[in-house]
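Encoded as structure tokens, the structure appears first; notes follow it.
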Amino acid sequence: DDSDQDDFDDEFQIKNRKDDSHPQHENEEYNNNNHQWHPNGQAFSVAGSTAGKDLEGDKEIYGSEEWKERVEKWKVRQEKRGLVSNDNGGNDPPEEDDYLLAEARQPLWRKVPISSSLISPYRIVIVLRFFILAFFLRFRILTPAYDAYPLWLISVICEVWFAFSWILDQFPKWFPITRETYLDRLSLRFEREGEPNQLGAVDVFVSTVDPLKEPPIITANTVLSILAVDYPVEKVCCYVSDDGASMLLFDSLSETAEFARRWVPFCKKHNVEPRAPEFYFNEKIDYLKDKVHPSFVKERRAMKREYEEFKVRINALVAKAQKKPEEGWVMQDGTPWPGNNTRDHPGMIQVYLGSAGALDVDGKELPRLVYVSREKRPGYQHHKKAGAENALVRVSAVLTNAPFILNLDCDHYINNSKAMREAMCFLMDPQFGKKLCYVQFPQRFDGIDRHDRYANRNVVFFDINMLGLDGLQGPVYVGTGCVFNRQALYGYDPPVSEKRPKMTCDCWPSWCCCCCRGSRKKSKKKGEKKGLLGGLLYGKKKKKMMGKNYVKKGSAPVFDLEEIEEGLEGFEELEKSSLMSQKNFEKRFGQSPVFIASTLMENGGLPEGTNSTSLVKEAIHVISCGYEEKTEWGKEARVNLRINEPVLLALQIGWIYGSVTEDILTGFKMHCRGWKSVYCVPKRPAFKGSAPINLSDRLHQVLRWALG
């Protein structure tokens, strides 16, 4: 894992504030096993991350002469390594540029352990409670109540079970951690002036079912906060899933897209937070704080008036939708609404804004907004939210195919416009990011009273349990506020790091060396079989080879699966057989060569030679109700072994079906495959949602979770 990382030991010298007379590297230790750098015996970084925050204020700490001398020494060391050119044409050395370059090479995040003064007493209490519990159970078991033996037996069984569940609940709480991100380094590394923006594209999924129960104005605020996010517009696409095929939501999105042309430039010009207008205008804070633009007050007053007019138009649509006409809904062009029968209608896709759509009032491009309503027919199982999410996975793969996916509920708006950048600090880490399946954010809620009488904040779960799980393999997926690695949803295994060859010597007997070599060969063959995984190859040569077959360069669209077999000549027999078995992809992913080709594009993007018209037709095809028939969507794929064919293991494809808590089950399946996850808790909450405001709704929510 360390092969691609730069050596930062000698790149900067951190000033010793205790004693400047001692040399800087006198007591430094560098441990290659746990990636820890200990200057003067103190932990300076954890888990492959250096605490570069001390460097941020160095220029202010040092005097001007001392700073120049320090930068000059650093430049000499860089020249020796060949990292900085010595030829500057006689001009002054670009000291600031060199410093920024070095800062960009620093890690994007670091792990911050909980202070021992906080966690040690908590652990002591756990141990004490464990011994007290053991003595209590011993007493209960050794003193039976013979006059009521059945009741005693039942109570003892229940107490033992509760004790066992309590012990299991303590494991995640034993080693909680927090993480810190560096957004400035992310920008320095991936957003350089004069170069194309290299941040990963993100497809945002918003799911809704009934606009009468989930008010359209709330969904509109969520969509507006997504369109106004602080992220490159060409790398954001918002997909809204309407599982109720409602014309009300369709018309509301049209109004939302029109209002976004004025709202988005206002947010970015004045850097307002949050970027959901309903919650921004209702905040009881000093909205003039940190605002210096002379026209801010005037523009804010005009924008608030326009938002109120927008709300009136949405309310008019809601009032009109209360009573459905006998002949059904009719669209503005006079054609009947295809979703008049919510259980029997075709698939619908409508694209708003984007590069080919309307620009904002300043003439700049806006993120793309896509309305999606999957096909529904009687006699088909549609799997509720999990089925809708899987339909969005396929549609987005055909239309945009961003490598990352943000999943939100319709009532969870983006409260922190830099939330996507927070997630990218982990997912775009050159080493750690390849093993991440998702970055989970905590759920925060608006409208909770001061006493939180219904425990909507879930403090124990989000602020204790999830931090503890992050210290292990990672937090569970809670259904919203989560940024996924698309490859993990397709059932791919995480990349396996190649272990460095161990040192050997001639002091061992020859038979021992033979055994060791034999075991290595066996493990190597086993690794090769696992790497094939039904044609899902992970070797650089193999991955490139498969991508070459799926993505043909040229103007012709990639719609013929037979073209995949071209170019097989010249490869080894095993590789050829694995490529020939690519037709098994149809049995897993469905009958869409364009979608199959997109699953092999690790960095996202669309196949060359495709056009927007053909892609929309293919997107309609992948949301048809019969598309998942005889495929492995939503379940584990188990394929029988055959002679001379690669080993095919269980695959998890998309959201898992068969549970009302499909979110937690989906996250568990990814962890079982070896993926890791991360819990990101920024200072400003990334997302906020609506919590149940009465006891009956809260109990219904908790009951559903418990059943799942």
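Side chains are part of it too, since the values below use all heavy atoms of this structure and drop only hydrogens, waters and symmetry mates.
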Aromatic centroids of H270 and F296 separated by under 6.0 Å: yes
Working for side chain to side chain donor-acceptor pair (under 3.5 Å), residues E214 and T219: CA-CA 8 Å; E214 299 163 334; T219 304; 5.8 Å; no
For the backbone of D452 and the side chain of N456, can you confirm whether one donor and one acceptor N or O come within less than 3.5 Å of each other? no
Between R261 and L359, is there a donor-acceptor pair closer than 3.5 Å when you use the side chain of the first and the backbone of the second? yes
Hey, is CD on Q332 packed in by over 12 heavy atoms from elsewhere, all under 6.0 Å? no
As a quick check of understanding, evaluate side chain to side chain contact (heavy atoms under 4.5 Å, CB included) for K376 and C625, giving each step before the final call. CA-CA 6 Å; K376 287 190 175 182; C625 57; 5.8 Å; no
Would you compute the distance between atom SG of C437 and atom CG of L427 and round it to the nearest 0.5 angstrom? 9.5 Å
Have D203 and Y239 got a donor and an acceptor in their side chains that come within less than 3.5 Å? no
Please find the pair of heavy atoms, one from L615 and one from L606, that lie closest to each other, and give the distance. CD1-CD1, 3.8 Å
One should read off an interatomic distance between L199 CG and L186 CG, to the nearest 0.5 angstrom, of 5.0 Å
Any idea which heavy atoms bring V229 and K268 closest together, and the distance? O-CE, 3.7 Å
Which word best sums up how the rings of W655 and F205 line up, parallel for under 30°, tilted for 30 to 60°, or perpendicular for over 60°? tilted
Nearest heavy-atom neighbours spanning G479 and Y477: N-CE1, 3.2 Å
Would one find more than 12 heavy atoms of other residues, nucleotides or ligands at under 6.0 Å from atom NZ of K269? yes
Could you report the tightest heavy-atom contact between A619 and V395, atom names first, then the distance? O-CG2, 4.0 Å
Would you call the rings of F595 and W633 parallel, tilted or perpendicular, where under 30° means parallel and over 60° means perpendicular? tilted
So, T666 versus E662: side-chain donor-acceptor pair below 3.5 Å or not? no
Taking all heavy atoms of F426 and all of C680, pick out the closest pair and write down the distance. CE1-SG, 3.8 Å
Is the shortest distance from a Lys or Arg side-chain nitrogen in D243 or K385 to a carboxylate oxygen in the other one below 4.0 Å? no
Do D210 and S246 pass the side chain to side chain contact (heavy atoms under 4.5 Å, CB included) test, and can you show the C-alpha distance, the side-chain angles, and the key distance before you say yes or no? CA-CA 8 Å; D210 188 354; S246 170; over 6 Å; no
Taking 4.0 angstrom as the limit, do E191 and R421 come out as a salt bridge? yes
Do D446 side-chain atoms and S690 backbone N/O form a donor-acceptor pair below 3.5 Å? no
After noting the C-alpha distance and the side-chain angles of N407 and E389, does the key distance pass the side chain to side chain donor-acceptor pair (under 3.5 Å) rule? CA-CA 9 Å; N407 160 234; E389 294 291 344; 3.3 Å; yes
Working note: R486 + S396, criterion side chain to side chain donor-acceptor pair (under 3.5 Å); need CA distance, chi angles, decisive distance, verdict. CA-CA 10 Å; R486 186 184 284 270; S396 62; 3.0 Å; yes
Between R377 and D344, does any NZ, NE, NH1 or NH2 come within less than 4.0 Å of an OD or OE carboxylate oxygen? yes
How about R343: does its CZ atom have over 12 heavy atoms from other parts shown lying under 6.0 Å from it? no
Would you say S241's side chain and S207's backbone share a donor-acceptor pair under 3.5 angstrom? no
Could you grab the distance from atom CZ of R684 to atom CG of N415, nearest 0.5 Å is fine? 4.0 Å
If you measure only the distance, is there a donor-acceptor pair under 3.5 Å linking the side chains of N390 and Y627? no
Between E628 and R394 (salt bridge meaning N to carboxylate O under 4.0 Å), is one present in this structure? yes
Do the side chain of D362 and the main chain of K364 share a donor and acceptor less than 3.5 angstrom apart? no
For the atom pair OG (S252) and CE (M247), what is the distance rounded to the nearest 0.5 Å? 10.5 Å
Exam field: side chain Q322 to backbone V318, donor-acceptor pair closer than 3.5 Å: yes
Run the ring-centre check on Y280 versus Y413 and record whether the distance is less than 6.0 Å. no
Any donor-acceptor pair under 3.5 Å from N485 side chain to Q487 backbone: yes
Atom NZ of K324 with >12 non-hydrogen neighbours under 6.0 angstrom: yes
Tell me the ring pair (Phe, Tyr, Trp, His ring centres under 6.0 Å) pairs involving residues 332-364, sequence neighbours left out? F250-W337
Rounded to the nearest 0.5 Å, what separation is found between the OG1 atom of T222 and the CD atom of E278? 11.0 Å
In terms of ring plane angle, is the pair H382 and Y380 parallel, tilted or perpendicular, where the classes change at 30° and 60°? tilted
Looking at CE of M670 and OH of Y438, how far apart are the two atoms once the value is rounded to the nearest 0.5 Å? 7.5 Å
Would you say Y454 and Q701 are linked by a side-chain donor-acceptor pair, where the criterion is simply a distance under 3.5 Å? no
P367 versus V236, closest heavy-atom pair with distance: CB-O, 3.6 Å
May I ask you to check whether Q443 and T480 show a side-chain donor-acceptor distance below 3.5 Å? no
